[in-house]
Colleague: 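Encoded as structure tokens, here's the structure I'll be asking about.
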Amino acid sequence: MRHLLPVCYVGFITAVITGLALLSAQATMIAASGAAPWKLGLLCAAGANAAAFHLGTGRGMAQWGEASMPPFFARVAALLSISAWTGVVLAGQMLPYT
């Protein structure tokens, strides 16, 4: 985790910068799209999920090495994260078509 978390921060900052650039370039098209509220909502859900994980279940990661399986709430957070980010990508792909 200590090696991957900085990479995640760089990726997140890059996504924010490029997302703001896209929004500023085509704000009226994006605002009129039916997929825009879905994308924004799923982005917020993914961020809230990550914050909840790191402030809750994720604090005990040091003890997970001895366990055969991560805790239930860690697996739920992983499933929510994968689902939310997949939805963000799909909604982003649908922006020009809705």
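Since the structure is predicted, the reported quantities are computational estimates derived from the model, not experimental observations. Residue indices begin at 1 and follow the sequence shown.
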Colleague: Report yes or no: do M61 and L5 belong to one cluster of Ile/Leu/Val/Met/Phe/Trp/Tyr joined by side chain heavy-atom distances under 4.5 Å?
Modeller: yes
Colleague: Do L80 and F72 belong together in a cluster built from hydrophobic side chains that touch within less than 4.5 Å?
Modeller: yes
Colleague: Identify the two heavy atoms, one from L95 and one from S33, that lie closest to each other, and give their separation to 0.1 Å.
Modeller: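 Heavy atoms of L95 and S33 come nearest at O-OG, 3.0 Å.
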Colleague: Indicate yes or no: at least one non-hydrogen side-chain atom of W85 is less than 4.5 angstrom from one of L43.
Modeller: yes
Colleague: Please name the pair of heavy atoms, one in A36 and one in I30, separated by the smallest distance, quoted to 0.1 Å.
Modeller: CB-O, 3.2 Å
Colleague: Just by modelled atom types, is the A77 backbone N or O under 3.5 Å from a matching donor or acceptor in the S81 side chain?
Modeller: no
Colleague: Taking the side chain as every heavy atom from C-beta outward, state whether M94 and K39 have any atom pair closer than 4.5 Å.
Modeller: no
Colleague: Rounded to the nearest 0.5 Å, how far apart are CG of N49 and CG of L79?
Modeller: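 Those atoms lie 9.5 Å apart.
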Colleague: In Å and rounded to the nearest 0.5 Å, what is the CD1 to OG1 distance from I13 to T18?
Modeller: 12.0 Å
Colleague: Test of understanding: clusters of I, L, V, M, F, W, Y form through side-chain heavy atoms closer than 4.5 Å, transitively. Do V76 and L55 belong to the same one?
Modeller: no
Colleague: Between A84 and A46, what is the shortest heavy-atom contact and its length?
Modeller: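 The pair with the smallest heavy-atom distance is CB-CB, 3.9 Å.
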Colleague: Inspect the surroundings of CH2 in W64 and state if more than 12 heavy atoms from other residues, nucleotides or ligands are less than 6.0 Å away.
Modeller: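 Count over threshold, so yes.
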Colleague: Which heavy atom of H54 sits nearest a heavy atom of R59, and at what distance?
Modeller: O-CG, 3.6 Å
Colleague: Applying a strict under-4.5 Å side-chain criterion to I, L, V, M, F, W and Y, I'd like to know whether F53 and Y9 cluster together.
Modeller: yes
Colleague: Under 4.5 Å between side-chain heavy atoms, counting indirect links through other Ile/Leu/Val/Met/Phe/Trp/Tyr residues: same cluster for L22 and M29 or not?
Modeller: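 Same hydrophobic cluster.
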